[in-house]
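Here's the structure, in structure tokens; my notes come after.
These values consider heavy atoms only, across backbone and side chains, with no hydrogens, waters or symmetry-generated copies. In this text the structure is predicted, and so the values were computed from the model without any measurement. Along the sequence shown, residues carry numbers from 1.
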Amino acid sequence: MKTNIKYLAALLVFLSAGCGGGGETNQDVVNRFKPQYTALRTRLQQVAQKVPQQASEQQVTQALAPRPAYTEDAKEALNTDVLMYEHLLDPDAKLDTGTQLDLTLTNHLLRALQWTGASNPMSASALKSQATDSVIGDLEQGLQIRYLVVARVVAYKPVVAVDKDTFSGGQAAIDGYLIDLSNQTIVCSFGVSVAPPKHIDYKYAKDENPAEALAKTARSWAWSSAREEFIAALNDRCGGDFALR
């Protein structure tokens, strides 16, 4: 009887390892995809060299095949993703939300680039954990994109609150580029700009500084408006289907 119990206990450990603990860890998956993303990083740096300092208006005149498709936070595999220009050169670059404008439109690509880079933001415990479908899916989808949209902020005046009723800044000019990664060709380019109204309605808590609350609201307005204008221009000029969440 004791022998049977030991045998059953050993069998359960073996089955447990095979079913739950013996598969790939997140670190294993990252290592498996790293060579492909290392090559992609090189391609993105090459793309950065082709992005001009200022965009000229270039509309798509013939239907692209396949048609570019992008929806923010899409779970399904799409053929288009978005990066800020800075992230072409360094996917780990941190954009200061107080002084810089980050449209934060990327779905899977930036996260996958960061996971496979030298400064993986995953915790040590997450890397040792069994690989999840989410991690594998992000890494797979990041390699499947055909088109890359690049957003390059050419001018931005950070929001500064003067007092509880007045602020300055919030104006932004952004160039957009739709790039076919199969041949690194810019197939569409445009520029958009936003400027806030003189007065913005806002609310604040009793223990909150009104001027700081105004600045926060104005920054949010600039960010939201820039994103909306950018996506609208993509739909209008680049011959695809682009949508915010």
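- A continuous path of ILVMFWY side-chain contacts below 4.5 Å connects Val135 to Leu143, so both sit in one hydrophobic cluster.
- Taken from CG in Asp96 to CG in Leu101, the straight-line distance is 11.5 Å, to the nearest 0.5 Å.
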Please table the atom pairs, donor to acceptor, closer than 3.5 Å between any side-chain atom in residues 167-174 and protein atoms at least two apart or in another chain.
none

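- The salt bridge (charged side-chain N to carboxylate O under 4.0 Å, His left out) search around Arg32 returns Glu24, not counting sequence neighbours.
- If you take OH on Tyr70 and CG on Leu78, they are separated by 9.5 Å, rounding to the nearest 0.5 Å.
- Residue Thr166 holds its OG1 atom at 7.5 Å from CG of Leu214, rounded to the nearest 0.5 Å.
- A heavy-atom distance below 4.5 Å is not found between the side chains of Tyr37 and Gln114.
- Asp90 places no side-chain N or O within donor-acceptor distance of the main-chain N or O of Glu86, the cut-off being under 3.5 Å.
- Put simply, OG1 on Thr97 and CG on Asp102 are 9.0 Å apart, with the number rounded to the nearest 0.5 Å.
- Not one N or O on the side chain of Thr116 forms a donor-acceptor pair closer than 3.5 Å with the backbone of Val30.
- The side-chain heavy atoms of Phe190 and Leu234, taken from C-beta on, include a pair separated by under 4.5 Å.
- Surrounding CD of Gln62 are at most 12 heavy atoms belonging to other residues, nucleotides or ligands under 6.0 Å away.
- Criterion: ILVMFWY side-chain heavy atoms under 4.5 Å apart, direct or through other members. Under it, Val47 and Val153 are not part of a common hydrophobic cluster.
- In this structure the side chain of Leu95 reaches within 4.5 angstrom of the side chain of Met84, judged on heavy atoms.
- By the 6.0 Å contact criterion, NZ on Lys216 is open, its count of non-hydrogen atoms from other residues, nucleotides or ligands being 12 or less.
- Across Gln141 and Lys75, no two heavy atoms sit closer than the pair NE2-O, 3.3 Å.
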Show, in sequence, the C-alpha distance, side-chain angles and deciding distance for Tyr147 and Ile179, and conclude whether the side chain to side chain contact (heavy atoms under 4.5 Å, CB included) test is met. CA-CA 6 Å; Tyr147 302 103; Ile179 297 164; over 6 Å; no
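- Between Ile186 and Val150, the closest side-chain pair of non-hydrogen atoms is not below 4.5 Å.
- Of the possible polar contacts, none joining the Thr71 side chain to the Ala243 backbone as a donor-acceptor pair under 3.5 Å is found.
- There is a side-chain donor-acceptor pair under 3.5 Å between Thr185 and Asn183.
- When all heavy atoms of Ala112 and Asp138 are compared, the closest pair comes out as CB-O, 4.0 Å.
- Summarising the geometry, atom CZ belonging to Phe230 is positioned 7.0 Å from atom CG belonging to Leu105; distances are rounded to the nearest 0.5 Å.
- Under the 6.0 Å distance and 45° angle rule, Arg219 does not count as a cation-pi partner of Trp223.
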Candidate pair Thr132 and Ser134, rule side chain to side chain donor-acceptor pair (under 3.5 Å), full reasoning: CA-CA 5 Å; Thr132 64; Ser134 175; 4.8 Å; no
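- Val162 and Trp221 are not part of a single hydrophobic cluster, where members link through side-chain heavy atoms under 4.5 Å apart.
- The two residues Leu113 and Pro91 come nearest to each other via the heavy atoms CB-CB, 3.8 Å.
- A distance-only check finds no donor-acceptor pair linking the side chain of Asp81 to the backbone of Leu148 [under 3.5 Å].
- Between Gly23 and Asp28, the shortest heavy-atom distance links the atoms O-OD2, 4.3 Å.
- Arg111 contributes no side-chain N or O that, together with a main-chain N or O of Gly142, makes up a donor-acceptor pair within less than 3.5 Å.
- At distances below 3.5 Å, at least one donor-acceptor pair connects side-chain atoms of His87 with backbone N or O atoms of Ala93.
- No continuous path of hydrophobic side-chain contacts links Leu110 to Leu103 [ILVMFWY only; heavy atoms under 4.5 Å].
- What you find for Tyr204 and Ala213 is that their closest heavy atoms are CB-CB, 3.5 Å.
- Criterion: ILVMFWY side-chain heavy atoms under 4.5 Å apart, direct or through other members. Under it, Leu83 and Val154 are not part of a common hydrophobic cluster.
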Go through the steps for Arg227 and Thr104 under the test side chain to side chain contact (heavy atoms under 4.5 Å, CB included), then give the verdict. CA-CA 9 Å; Arg227 285 160 47 91; Thr104 60; 3.6 Å; yes
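- Closest of all the heavy-atom pairs between Thr106 and Leu109 is OG1-N, 3.8 Å.
- Distance check, rounded to the nearest 0.5 Å: OG of Ser189 to CD of Glu57 gives 7.0 Å.
- His108 places no side-chain N or O within 3.5 Å of a backbone atom of Glu140 that could act as its donor or acceptor partner.
- Between Asn79 and Arg67 there is no side-chain heavy-atom pair separated by less than 4.5 Å.
- A donor-acceptor distance shorter than 3.5 angstrom exists from the side chain of Arg43 to the backbone of Leu181, with no hydrogens or angles considered.
- With sequence neighbours excluded, the residues satisfying side chain to side chain contact (heavy atoms under 4.5 Å, CB included) with Leu127 are Gln27, Asn120, Met122.
- Val149 places none of its side-chain heavy atoms less than 4.5 Å from the side chain of Pro68.
- Residues Val82 and Phe242 fail the side-chain proximity criterion, which asks for heavy atoms closer than 4.5 Å.
- You'll find the side chain of Tyr177 stays beyond 4.5 Å of the side chain of Gln58, heavy atoms only.
- Judged by distance alone, with hydrogens and angles left aside, the side-chain atoms of Asp175 form a donor-acceptor pair with the main-chain N or O of Ala55 at under 3.5 Å.
- At distances below 3.5 Å, at least one donor-acceptor pair connects side-chain atoms of Glu72 with backbone N or O atoms of Arg245.
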